[in-house]
Amino acid sequence: MGSSSFEKVCSLRSFVLFVLLISSPNIVAFASSLNDEADALLKWKATLQNEAQPQLSSWTFFPNNATTSSSNPNSSTSPCFWFGIGCNSAGNIGNLSNLIYLDLSTNQFSGKIPPNIGLLTNLQVLRLFTNHLNNSIPEEISQLKSLDELSLHSNSLDGPIPLSLGNLSKLEYLYLYDNSLFGSIPSEIGNLSNLVELCIHTNSLNGPIPPTFGNLKRLALLDSSYNQLSGPIPADIGNMESLKNLTLAENYLVGPIPTSLYGLENLTTLSLFQNNLSGPIPEEIENLKSLVCLQVNENQLNGSLPASIGNLSKLEILYIRNNHFSGSIPREVEKLVRLTVFRVAWNQFTGYLPQNICQHGLLQYFTANGNYLIGSIPKSLRNCSSLIRIRLDQNQLTGNISEVFGEYPNLDYINISNNTFYGEVSPKWGRSSRLTNLEIWRNNITGSIPPELGNSSELHLVDLSSNNLVGEIPKEFVRLTSLVKLILSNNQLSGAIPAELGSLTNLEILDLSMNKLSTSISGCVGSFSQLHYMNLSHNEFSGEIPTEMGMLVQLSVLDLSHNHLTGEIPKEFGNLQSLLTMNISNNNLSGILPRAFEELHGLLYVNIANNQFCGPIPNNTAFLDAPSEAISEGNKGLCGEVKGLQPCQSLTACKHLPTRGHRSTIFMIIFSLLGVLFMILLFALLGLYIRKRRSSQKIRDENLISTFDGAKMYEEIIAATGDFDAMYCIGTGGYGRVYKALMPSGSIVAVKRLHTLQDGSYATDRKEFFNEIAALTEVRHRNIVKLHGYCSSERHSFLVYEYLEKGSLAKILSKEEEARELDWSRRVNVVKGLVHALSYMHHDCSPPIVHRDISSKNVLLDSDYEAHLSDFGTAKFLKLNSSNWTGFAGTYGYAAPELAYTMRVTEKSDVYSFGVVALEIINGNHPGDFISPTFSSPNKIQLKDVLDHRLPPPTVQVEDELKKIVTIANVCLRQDPRNRPTMHTISQMLLCSTLQMIHI
């Protein structure tokens, strides 16, 4: 945000900082008297906009009034009583050394903390948190010898923590968290003997934890999590006798948990998760009598869980998943009367689950998945109505699920998949009104799907696949309007797809494969506007493919293979612009393959084998490069210049002529077309007459840029594109085509014309059209495509952009020669350009803008290979104090995983997509397996694994940059969005001189 808008974004407290710290180079000489000081403040107030004046109502001072002078500091007009200023008992800030309290937090400050602040020697409280302050912490802060609270958190401060902070002997509260500080933690911090709370988490600090921390006898809170600290936990921490909260999570700490730590009798929270700690948890853990929360998950801890853990009578949270614990889970955990969280997943536990784990009725989270547990579900679980989350999947548990589970009014997630449960799905699950996930796949479940499940209206995911279910899909599923994933594959289901399912407009994944479903495929599938995966294969569907399927513009994967489908492929398939793979093999389909397939530029894989297709194959890479067994097998009438097919010159015509019914249909179409042509001619003559009468009138369009003549620009674009002739088309998107237009001025622009559809998608396209206008009028950045203007009229609706010569990043990477031109230095710059654009949108725009469809196809390059982010049709403005929930938007393979469940939009979804694109830029292809759910911890990927081998090896200097990008991509792709960095932090990471400075 520029200095010209400084007045607009700073609150009242900002004015005080400006006056006290900036307006004079010598802060001591800032004001020699109360009159001078107040006069300076009032002059600043006079420059503010009118809407700020009510906030400054206390700032009133009349120099000519004898009663309001420095001799009367207790006057209500004295600056000591103005808002935001705190003075000592003298009540006079003529000398700035009397200022004891300065709170300028929660503004939108930018710039650095001035060194002059060290002259406020009596300052006791300094709060500058939650701003945009940058640069390093000035050494001069160490001159504030009276300081007992220093709060600089939630800014953009970088550099090391000054060693001289160890001189602030009175300091009790030190908050430096959520910045970009790097370097080691100064051992001098151990000199702050009065320190009560030390929070330095969420930075890029490295090196060991100083043993001198053991000197902090009064310290109650130590949080240095989310850094890059290494080495062992020093045994000296056991000397911190007042410590209540110890949080060292998400670092690179190694070695065992020191035994001295188990002597901290006041400790209530021990949070060490996501490190590389090893060794067992000893029996001495029972000494932590005050412990409420134990989080040591995602380490390398091993051995058995000590039975003495049952003596921690205050323990509420036991979180030890993702370690190497073995043996049985001790029954003594049943003694934990306050237990609410019991998460022991992904270890090597054997034996049985504790049968009375919920006997006290407080258990909310119970996850023991990914172990080797046997036996039945604990009996106490049946009446455990407090449960919110249950995960017991991927064990060897057994039992009748209709008997061992009860009713859970608060439950929102259950997964008991991949066990040997039997019985039927109970109708009781329909009474769990908050349930969002129901997963019981790969068991021995029988019976039908209870229609009562339709009452669980909050369900987002239902996966009952790989069981022995029979009967029909319940029509009552019509009420599951929040459903995102419906997976019923590999069962014995029969009947049709209920037409009522068309109301599931949020559905993204539909897998009904390997059942006995029959009749024709319902046209209701065309209502699944958000669907990106559909698998109806290995069923008994017959009839034609419904034309409504062409409305699935988000669809990426389509599998209709191994059915009894007949007829031709609908020409509406040309609308499936997001389609990546299509398998329609092993049916009875016939006719000529639609030419519209040639427009599906994203198509990667096709299989049309064992049908009755004839004529030429489409000129599309997916068809031309497909193996012969996926094209020619079973399709005797196909021709083309590919292996396994005859040349088209040898076939005079398609052998499969239309049947009589088809002929009558063709005649009806011909006569209808003649009628339509006649009406078009009539209306054309009428339109010509009307246009002549309106020739003197201005065309009604809307233009964003005042320097353009709207009507003139409109006519010039129509002429330059030949009234949007196909020869000028340079690309097709989800809701429009893009044309290249050479204007009379000699400049070239890109014109995106909205599809002129008349069906339901038209409203969606119009929404995206105006959404893009709203977004791009709010942004001005060199790495964001520039919008010159737009037109919205009855005849045409289009957007006019700057023309970017090189086209999309996806197109360049897909072509051998062009990819080589995009060398390593250019690729690094493309990544940086994308970072700058997203950081600007998320942190410098008010309200912030989330793009929601970051992908390589939406990154355009100019002639200098500079990156420009485009396609803001799905962008969303984040509303403050709002949940920001919405439907799914994005491209399959780039969208963040949480969007399939929460639908809550945050800037962290863009961060995930950026991570995918960053890897794609380096690899030259979509990263694929590298972004599987298992790719969630650091250092799982090496640069050598993702380098694009079409380029020569990078130089040493560029290689360091590439390593940094891979490391950043790693942290961006974390499954939990809270653990991803912000784009602002990423931009700071790219500025760091060494890789060790990057917090991952």
Side-chain angles (χ1 to χ4, degrees), residues 436-437 459-465 473 477-489 496-515 517 520-537 539 541 545-561 563 565 569-570 572-584 600 602-606 733-735 757 759-765 767-768 852-853 855 873-874 886-903:
T436 62
N437 281 58
L459 274 171
H460 285 64
L461 187 155
V462 174
D463 190 346
L464 307 178
S465 61
I473 300 171
F477 275 17
V478 66
R479 296 193 289 271
L480 303 181
T481 53
S482 298
L483 201 62
V484 173
K485 296 183 179 181
L486 178 59
I487 306 174
L488 305 176
S489 58
I497 299 175
E500 291 82 357
L501 295 190
S503 63
L504 305 183
T505 54
N506 289 314
L507 203 62
E508 294 174 19
I509 293 179
L510 176 63
D511 192 345
L512 307 178
S513 61
M514 291 185 284
N515 279 288
L517 298 172
S520 60
I521 298 174
S522 172
C524 74
V525 297
S527 301
F528 303 147
S529 57
Q530 305 299 320
L531 201 69
H532 59 75
Y533 180 95
M534 178 190 284
N535 192 344
L536 306 180
S537 67
N539 277 287
F541 288 116
I545 299 173
T547 58
E548 292 87 349
M549 203 171 282
M551 299 168 61
L552 305 179
V553 295
Q554 302 283 353
L555 196 64
S556 297
V557 177
L558 175 63
D559 194 342
L560 304 177
S561 63
N563 280 288
L565 300 173
I569 299 176
E572 287 80 4
F573 268 37
N575 297 326
L576 304 181
Q577 293 295 320
S578 299
L579 202 61
L580 299 176
T581 71
M582 179 184 71
N583 188 349
I584 55 175
L600 303 185
L603 199 60
L604 300 175
Y605 169 82
V606 293
Y735 71 100
L757 301 178
D759 55 20
S761 62
Y762 183 67
T764 302
D765 292 346
K767 178 182 177 181
E768 294 190 355
R852 296 206 298 161
D853 193 12
S855 67
T874 58
T886 185
F888 178 85
T891 301
Y892 184 60
Y894 295 87
E898 68 272 9
L899 294 181
Y901 299 96
T902 66
M903 297 300 181

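- Side-chain atoms of Ser503 come within 3.5 Å of backbone N or O of Val478 as a donor-acceptor pair.
- For Ser465, the side-chain hydrogen bond (donor to acceptor under 3.5 Å, both in side chains) partners are Asp463, not counting sequence neighbours.
- Between atom OG of residue Ser513 and atom CG of residue Asn563 there is a gap of 10.0 Å, rounded to the nearest 0.5 Å.
- In this structure the side chain of Leu480 never reaches within 4.5 angstrom of the side chain of Leu486, judged on heavy atoms.
- By the side-chain hydrogen bond (donor to acceptor under 3.5 Å, both in side chains) test, Ser537 is found to be paired with Asn535, residues two or more places apart in sequence or in another chain being considered.
- The two residues Leu504 and Phe528 have their closest heavy-atom pair at O-CD2, 3.5 Å.
- For the atom pair CG (Leu507) and CZ (Phe477), the distance works out to 11.0 Å, reported to the nearest 0.5 Å.
- Residues Cys524 and Ile497 have side chains in contact (heavy-atom distance under 4.5 Å, counting atoms from C-beta outward).
- The backbone N or O of Met551 lies less than 3.5 Å from no partner atom in the side chain of Asn575, so there is not a single donor-acceptor pair.
- Counting all heavy atoms, side chain and backbone alike, Asn437 lies closest to Leu459 at N-CD2, 4.0 Å.
- Atoms CG and CG, on Leu580 and Leu555 in that order, are 9.0 Å from each other to the nearest 0.5 Å.
- In terms of heavy atoms, Gln577 sits closest to Leu600 at NE2-CD2, 3.8 Å.
- In terms of heavy atoms, Leu552 sits closest to Val525 at CD2-O, 3.1 Å.
- Contact of the Leu565 side chain with the Ile584 side chain is not registered, since no non-hydrogen atoms from C-beta on lie closer than 4.5 Å.
- The main-chain N or O of Val553 is found under 3.5 Å from a side-chain atom of Ser578 such that the two form a donor-acceptor pair.
- Looking at every heavy atom in both residues, Thr505 comes nearest to Ser529 through O-OG, 3.8 Å.
- The shortest distance between side-chain heavy atoms of Leu501 and Leu510 does not fall below 4.5 Å.
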Discussion item. Before you tell me yes or no, could you show the steps for His460 and Leu483 under side-chain contact (heavy atoms from CB on, under 4.5 Å), namely the whole-Å CA-CA distance, both residues' side-chain angles and the distance that decides it to 0.1 Å?
Written reply: CA-CA 4 Å; His460 285 64; Leu483 201 62; 5.8 Å; no
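- No side-chain heavy atom of Tyr894 sits less than 4.5 Å from a side-chain heavy atom of Asp853.
- A donor-acceptor contact shorter than 3.5 Å links the side chain of Asn539 to the backbone of Asn515.
- Counting all heavy atoms, side chain and backbone alike, Ser522 lies closest to Ala499 at OG-CA, 3.8 Å.
- Residues Ile509 and Leu461 form no side-chain contact, since every pair of their non-hydrogen atoms from C-beta on lies 4.5 Å or further apart.
- Under the 3.5 Å distance criterion, the side-chain polar atoms of Glu572 are left unmatched by any main-chain donor or acceptor of Ile569.
- Side-chain atoms of Asp511 never come within 3.5 Å of backbone atoms of Ser489 as a donor-acceptor pair (strictly under, hydrogens ignored).
- Considering only heavy atoms from C-beta on, Phe573 comes within 4.5 Å of Met549 through its side chain.
- Residues His532 and Val557 have side chains not in contact (no heavy-atom distance under 4.5 Å, counting atoms from C-beta outward).
- How far CG of Leu560 is from CG of Asn583: 8.5 Å, rounded to the nearest 0.5 Å.
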